Structure formats: C-alpha cells, structure tokens
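Written below as structure tokens is the structure these notes are about.
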Amino acid sequence: MLVRVAVGKGTELAMNTPAADFSRAPADWTRGDLLDLEGLSAAEIERVLDTAQALYDATGGCRDKLSLLSGVTCANLFFENSTRTRTSFSLAARRLGADTVEFTSSGSSLSKGETFIDTAKNIEAMNVDAVVVRHATPGTPHLLAQNLGCAVINAGDGAHEHPTQGLLDILTIRQHRGRIAGLTVALVGDIAHSRTARSNIWGLKKLGAHVIVCGPSTLVSRRWEQLGVEVTHNLDDILPRCDVLNLLRIQFERQATRPFPSVHEYALLYGMNRQRVARAKDDILITAPGPINRGVEITADVADGPHSVILDQVTNGIAVRMAVLWLLMGVRRRGT
Ligand code: NCD
C-alpha cells in the first residue's frame, strides 16, 4: 500500500508500507495495560505508532468501521473533565466494533461512600474488558491495574502521565516529518503541571528527538535536566532551531498560586504569534494537546494557520486509541 505523508508545505513523501494484517495481534506486544510511556521501550512505542498508522489507513482516516473488537466492552471512568480524550476513546472502541459504557463520578455511588476500588470492581463485574481511567490523583491507573483483571488504560492521572496523548502527538509529528529521531521538539508552557509534557518527554526521548522544555522559571525548573532535556526560559532564543512546538495550556486549575504576574505578560513572552512564526523555521510544526486558550499560548491566526496540525492530532487520537485497545485485547484474548 502506498501511503502519502505530508512533510511540509505542499510536499509529500510516498512511503511503501505493507498492507496491514489484523487477523492476529502481533506476538511481540505483551502488555495487558497501558499505564505510562516511561515504562515502554522504543520498540513498543514504534509498535503502537505503526499499528495506529495502519488502522488510520484501514479506516479511511478513522472514519470507517472494522469489526476487530466485536464482543468487547470498554468502560470510560472519568473523574476529571474531558472533551477530546473521552470522545476519542469511545469512538475508537466503536470504530473497532466494541461496546462502550460511560461512567461519570457525579451522580455515582461514590457520593454514597463507596470506595474507588469497589466502584471499579463493580463496573468490571459487568463483564467489562477494558477500563479507561482519568483521575486527578497520580498513580490511580496503576492502582486499578493491581486490583482489576481487565485491561486498564491511563487517560491522564493528575500531573503524572497521559500516554495516549503523548503517542498521538508523536504520531502526528511522524506523519508530517516522516521521522522523530534527530528532530528538535520544544514543549512550551506549564511543564510543572502537565501530564502531556511528561509523556511527550519519555516518548520523544526514547525515539531519539532532542527535547527542550520552555516556560517561566516558576513552571519550568532546572530539575527537568535530570530527564535529559534542555531547559530554557526564553522562547525567542530557541525558536530558530525548533522543528516542532508543542504549546501546553497553563493549568490554572492545578495551581495553588498564580505562577506569573499576568496572563497578558505570559502571552507576550511565550505565546506563539505571527511574528514568532516568521522567526521560526519555514516548516515549523505547531502542535497542542487542546483545549487551546486563544490569545494566551497561541493566537487565533496561528492556531488556524498553515503550520498548525492541532486538528490532525485530534483525528490521530482515534487511531492511537484504536491501536492501544486492539493491542491490549490481543494479549488478553491469547492470555499472555
Ligand atoms: C490535556 C490533559 O487533559 O491533560 N488535554 C487533553 O487530554 N487533550 C491537556 C490540558 O488539559 O491542557
């Protein structure tokens, strides 16, 4: 199958990929849960990305249905707000023929004193095969994985990790650049409170990218250097050598005190605007996990402009989540 990959303004790279075979799950994938990217090897990350790309192609860009997971039931357990991630997991399951069930903490028996583990065990007892969990407490998915027999997927645990977001960001970069190794990727914004930043750092570093974290010193500490990333507080200094910018939202809801004097000042120093795009590489790729705050980390014209691949990321989210569900269910079905 000839797959066309966008590699910049108007250019396309034709990649010859073998037609995908979904008749059996790959034998080299042995994980029954997806909890973080820190624990995955480069080969495992590549396996998810290749599977996601194959599913993207096989479903006409995540539009069509395949019946790879008929008979499977996936439950969304979201204890924090979500638009993209929750919808994307539901659509991914349904695109593969699985049933979905939605749980929200408000209106549940948690308010009647039931413990979190009991709630999850009761959902599992309804013959649920996979639980997708988002929770404000870091480590919640890991705790569930120890207590449940079904597959557990982390959809964001506090400021810790958001592995499918990291994977979809990396898949989008790979589609547009054809590779990850050797690229310089800057994560700009509220690194301290961002689970997306952590998953991106682990994933991008394992695949050979140079990662820079950039933002005010109150949100980007020198300690990030211990993870092998470059730390800077000056976006204009690093801008000319970046291939990709990942603009992270200021997570006011996780902050006890405001980390800078004003949002206006933040936008002046770190917001991506037309003037900064003009000083960046010609083919700079602008990504963001969403939700975006127009006028803060990105101006409207840049968000909607030719360098932005923010909505491609959203579509790719379905592909990545289809891949994760299919890989995990393959392991569960063969029992290894
Ligand atoms: C991110 C999240 O929830 O961590 N969003 C997302 O999943 N698409 C980032 C954010 O909320 O800013």
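Computed from a predicted model, the values in this text were never measured in an experiment. Both counts, for ligands and for their atoms, begin at 1 and track the order of listing. Just so you know, these numbers use all the heavy atoms, side chains as well, and skip hydrogens, waters and symmetry mates. If you read the sequence from its start, that first residue is 1, and numbering goes on from there.
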Which bit of [X] is near ligand 1, meaning a heavy atom under 4.0 Å away: side chain, backbone, both or neither?
X	value
Ser82	neither
Gln165	side chain
Gln313	neither

Side-chain H-bond candidate by donor/acceptor type, [X] with [Y], under 3.5 Å:
X	Y	value
Asp312	His176	yes
Ser88	Arg321	yes
Gln313	Thr172	no
Thr287	Asp169	no

Point to revise | Ring geometry between His135 and Phe79 (parallel below 30°, tilted from 30 to 60°, perpendicular above 60°) | key: tilted
Review point. Mind checking whether Arg134 has a heavy atom under 4.0 Å from ligand 1?
Key: yes
Point to revise | Sub-4.0 Å heavy-atom approach of Pro291 to ligand 1 | key: yes
Exercise for review: Answer yes if Tyr56 and Val48 sit in the same cluster of Ile, Leu, Val, Met, Phe, Trp and Tyr residues linked by side chain heavy atoms under 4.5 Å apart, and no otherwise.
Suggested key: no
Proximal candidate to [atom] [heavy atom criterion; set [options]]:
atom	options	result
atom 11 (O) of ligand 1	Arg254, Arg249, Glu297	Arg249
atom 5 (N) of ligand 1	Ser88, Pro289, Gly290	Gly290
atom 2 (C) of ligand 1	His193, Glu161, Glu253, Arg195	Arg195

**Study point:** Candidates Leu49, Asp57, Asp50 - the one meeting side-chain contact (heavy atoms from CB on, under 4.5 Å) with Gln53
**Key:** Asp57
Ligand-side contact atoms (ligand 1) for residue partner [X], heavy atom cut-off under 4.0 Å:
X	value
Thr85	6 (C), 7 (O), 8 (N)
Gln251	9 (C), 10 (C), 11 (O), 12 (O)
His162	2 (C), 4 (O), 6 (C), 7 (O)

Review point. How far apart are the closest heavy atoms of Leu268 and Arg276, and which atoms are they?
Key: O-NH2, 2.9 Å
